[in-house]
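Right, one structure below, let's go through it.
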Amino acid sequence: MPRHVDHDLRRRQIAEAVWRLAARGGLEHVTLRQVAAEAGVSARLLQYYFGTRDKLLLGALEILNTDAEQRARERLTQLGESPSMHLLVRGVLLELLPLDEERRNRHLVHVAYFVRFLNDPALAAAVRESPPALERLVATLLGRARELGELPPGTDIAAEAAFLVAGAEGLQASVLLGQHTPEQAVSLIDHQLDRIFTTPQP
């Protein structure tokens, strides 16, 4: 293989092919050959970078999630130098909503992975966390808010974090299905945050 090949770029090229196939028709019957054709590379090259089909699916998901984290950080920095915990939690939860084309496409891919994981417990076990990383992040932010007096002292941090993340994920599905508009979903997130924070959103 030529030394000038950008391996990270090639891996991304293949991952993006997986995402497109996932968004169009799910992952249940996607083969290595189909991904190779979609990516415009040989099946041999695809196996060189990812190996098995399961490793390909997990690798493509890892790249997608890394992208999502980077974009989330960029959006959170737009909140200013010292945002309140209220605004930070809100910003994290809004990343779960399909509020623009980028997030909508990403969530469609995640839906395809969710269905695949339901039918393949062994594959799902490779990415399962308890509690999930996002829930832990929200709990950490809520804990800091409680220390700062932005939440009542008796707030059950773990329960509120789990509820907020689950609620945002449920709204994600309802927006994708057209049951709620993005604006309605944001309003519902704000309603829940106003319920638990002692200070209103700045």
Taking all non-hydrogen atoms of both residues, which atom of [X] and which atom of [Y] are closest, and how far apart?
| X | Y | value |
| --- | --- | --- |
| A112 | A22 | CB-O, 3.6 Å |
| L141 | V89 | CB-CG2, 3.7 Å |
| I157 | A139 | CG2-O, 3.2 Å |
| L58 | A126 | CD1-CB, 3.7 Å |
| A60 | W19 | O-NE1, 3.1 Å |
| A168 | I189 | CB-CD1, 3.9 Å |

Can you tell if the side chain of [X] reaches within under 4.5 Å of the side chain of [Y], non-hydrogen atoms only?
| X | Y | answer |
| --- | --- | --- |
| L176 | L108 | yes |
| R75 | R103 | yes |
| L32 | F50 | no |
| R128 | F117 | no |
| R90 | V186 | yes |
| I196 | F163 | no |
| Y113 | V127 | no |
| R104 | V175 | no |

According to a hydrophobic-cluster definition based on side-chain heavy atoms being under 4.5 Å apart (Ile, Leu, Val, Met, Phe, Trp, Tyr only), do [X] and [Y] belong together?
| X | Y | value |
| --- | --- | --- |
| V111 | L61 | no |
| Y48 | V35 | yes |
| L148 | L193 | yes |
| L57 | V41 | yes |
| L97 | V138 | yes |

Salt bridge check, R71 against D100: does any charged N sit closer than 4.0 Å to a carboxylate O?
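Judged by the 4.0 Å cut-off on N to carboxylate O distance, D100 and R71 do not form a salt bridge.
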Taking NZ, NE, NH1 and NH2 as the nitrogens, is one of them in E62 or R11 under 4.0 Å from a carboxylate oxygen of the other?
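No, no charged N to carboxylate O under 4.0 Å.
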Please assess R195 against Q192 for the test side-chain hydrogen bond (donor to acceptor under 3.5 Å, both in side chains), listing each intermediate value before the final yes or no.
CA-CA 5 Å; R195 175 182 59 82; Q192 291 303 317; 2.8 Å; yes
Pairwise distance [atom1]([X]) to [atom2]([Y]) - rounded to 0.5 angstrom:
| X | Y | atom1 | atom2 | answer |
| --- | --- | --- | --- | --- |
| D67 | E16 | CG | CD | 8.0 Å |
| E95 | L134 | CD | CG | 9.5 Å |
| L27 | L123 | CG | CG | 9.5 Å |
| S42 | R33 | OG | CZ | 10.5 Å |
| L188 | H180 | CG | NE2 | 5.5 Å |
| E135 | T140 | CD | OG1 | 11.0 Å |

Under 4.5 Å side-chain linkage, directly or through intermediates, the cluster mates of L118:
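Via sub-4.5 Å side-chain contacts, L118 links to F114.
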For a quick check under 3.5 Å, do [X] and [Y] share a side-chain donor-acceptor pair by atom type?
| X | Y | value |
| --- | --- | --- |
| E74 | Q70 | yes |
| Q47 | R44 | no |
| Q13 | R10 | yes |

Exactly one of T155, L137, L164 should register a side chain to side chain contact (heavy atoms under 4.5 Å, CB included) with L142. Which one does?
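Going through T155, L137, L164 one by one, the side chain to side chain contact (heavy atoms under 4.5 Å, CB included) with L142 is satisfied by L164 alone.
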List for me each residue that meets salt bridge (Lys or Arg N to Asp or Glu O under 4.0 Å) alongside R106, sequence neighbours excluded, and say none if there are none.
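E102.
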Among all residues two or more places apart in sequence or in another chain, which pass the salt bridge (Lys or Arg N to Asp or Glu O under 4.0 Å) test with R53?
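For R53, no residue satisfies salt bridge (Lys or Arg N to Asp or Glu O under 4.0 Å) once neighbours in sequence are set aside.
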Indicate yes or no for a side-chain donor-acceptor contact from Y49 to the backbone of L56 under 3.5 Å, with no hydrogens or angles considered.
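Between the backbone of L56 and the side chain of Y49 there is no qualifying donor-acceptor contact (under 3.5 Å).
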Donor-acceptor contact present, side-chain Q172 to main-chain L96, <3.5 Å
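Pair found, side chain donor or acceptor close to backbone of L96.
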Give the C-alpha distance, both sets of side-chain angles, the deciding distance and a yes or no for side-chain contact (heavy atoms from CB on, under 4.5 Å) between S187 and D190.
CA-CA 5 Å; S187 179; D190 286 336; 5.7 Å; no
side-chain contact (heavy atoms from CB on, under 4.5 Å) between R24 and E38: does it pass, once the steps are laid out?
CA-CA 12 Å; R24 288 204 302 262; E38 179 72 24; 2.9 Å; yes
